[in-house]
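Side chains are part of it too, since the values below use all heavy atoms of this structure and drop only hydrogens, waters and symmetry mates. We count residues from 1, following the sequence as given. For ligands, and for the atoms within them, numbers begin at 1 and follow the listed sequence. No experiment lies behind these values; they were computed from the predicted model shown.
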Amino acid sequence: MSANLKSAATIAPPRQKDLNILFAISEADPLVKIGGLGDVGGALPLALSRIPPEQLGGVHLNIRLILPYHTPLKNNLLKTQWITNVKVPTAGSPVKAQVYQTSLGDLPVYLIDGAPVSDLSSVYGDDPVKMAEKFTFFSLASLRFIRKLKWPVDVLHAHDWHAALFPYGIETLFKVHPVFKNTLKIISIHNLPYLGEKSAKVLQHYLLPPSTDENLPDWARLLPFPLGLQASDRIIAVSPTYAREILTPEFGSGLEGFLKTRADQITGILNGIDTSRWNPSTDDSIARRFSVESIADRRYNRAALLAEFDLAEDPNIPLLTIIGRLDYQKGVDLALEALQQIATQPWQLIILGTGNSDLEKVCRDLQAKYPQKVRAVIRFDAALSRRLYAGADMLLMPSRYEPCGLAQMIAMRYGCIPIGRATGGLKDTIQDASSAVGTGFLFKEASAASLLAALNIAFQRFKDKATWLEMQKRGMKQDFSWEKSSYEYAKIYLNKGVGGR
Ligand code: GLC
């Protein structure tokens, strides 16, 4: 190339091209959030839309979200606008859907309403058949709406079983329709064991055929999540370790054999956290703000927390916390069992969360049994979670499985050292203290004994204040921002999207 041509090529403005991405998910914070899925739904689309097109060869990611118009959302005084109605055919009479629009930052969000959605008073319910109806209807009504909108979808990104019938619906019902014929179908696994149980009859009622894929076990051929995995071109697990774990019987929910046949299309991408919202140097909810440089100020938060809960303040007694959903996945029972075995040793524990009613009771009972050391706060309280991250010494996460996990990343950012089981995202984000770059403590088996061994090491280490401080600082300096991960997603979107249209 001559010098002239070369400079002309660099001067010419890059041709910008839009890549249309439909982000189908059940939760997106702050519109609706029940768990970690909501954090991802609220943060990832925005992070993606902020990637400068120059970094993507001139491609602008044009993202729109689509969610069910969950009943609790209707009480949120959300600004919405009705756009249109569609009808979803079934074996009986068609079911009517109403489509509304709102926004997340400056991204359009479509909300799908209709009887199967408004029948449930909460986001999720206890009746699996009602859940199946809600999410099957949501998926098929959404596809019909997009078809009516004539918005060519370059990339469909569906999340978990709730949106798994998007890819399957495209494959079985709309494959040749111009709006979907070039769609790259991607599904993210946030929590594999929730497959969408007891859906078979509902799927048939909504005219969805069973899968004929011989690699899928028979029992999975009319179940939403397996169908979505089968119909998608790419499968993303929310951490590299989880991407490997789901290929094994322990974590594969019976689909490990099938997933192995798709191993080439499976990628693990770690979730990020919203580092501007989770920032101890700007956090309004904590007693004293601090940063790595002013980490000594963290002790005011610790003292305030202990005073708030009427627990003794002693720098030599480790203050532990458990934050989040109280359920067996999170191994809450293992933590309580391990701590009872060392009940005569000095430690304190504050539990914050709701969930399984048996576990909630065990937490309350523990407080009743050890009133000088345990507090069980059985509720959802975002501000208190911040005070706990900012004041506690250690966060316990003995998860039986943890696709990614966010609490351990937030904890590190707030100088609270995580003790986690070496699984999924915990393994990918926590460096064990045995290494020179340790940021927390990891243990192998999902057992109270294994956790106890890690606790003993952590308590020992806690006595060495200088080493502890170094570990806290290392944790605070980790980069858990969405920037890196969203770029990984964008690369997958671009894989086909650009050439395909
Ligand atoms: C689910 C998983 C959790 C993950 C979250 C977001 O809640 O249990 O590990 O962090 O989804 O991907």
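Taking the charged nitrogens against the carboxylate oxygens, K130 and E133 have no contact shorter than 4.0 Å, which rules out a salt bridge. Between R277 and D29, at least one side-chain nitrogen of the basic residue sits less than 4.0 Å from a carboxylate oxygen of the acidic one, meeting the salt-bridge criterion.
A donor-acceptor pair is defined here as one N or O able to donate and one able to accept, closer than 3.5 Å; no such pair exists between the side chain of T321 and the backbone of L395.
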List ligand 1's nitrogen or oxygen atoms that come under 3.5 Å of a protein nitrogen or oxygen, with the partner atom and distance.
| from | atom 1 | to | atom 2 | distance (Å) |
| --- | --- | --- | --- | --- |
| ligand 1 | 8 (O) | Q329 | NE2 | 3.0 |
| ligand 1 | 9 (O) | E402 | OE2 | 2.5 |
| ligand 1 | 9 (O) | P403 | N | 3.4 |
| ligand 1 | 9 (O) | C404 | N | 2.9 |
| ligand 1 | 9 (O) | G405 | N | 3.0 |
| ligand 1 | 10 (O) | G405 | N | 2.7 |
| ligand 1 | 12 (O) | H190 | ND1 | 2.7 |
| ligand 1 | 12 (O) | N271 | ND2 | 2.8 |

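With no hydrogens or angles considered, no side-chain donor-acceptor pair links N301 and Y414 at under 3.5 Å. Judged by distance alone, the side chains of Y493 and D154 never bring a donor and an acceptor atom under 3.5 Å apart.
Ring centroid separation for the pair Y194 and H162 does not come in under the 6.0 Å cut-off.
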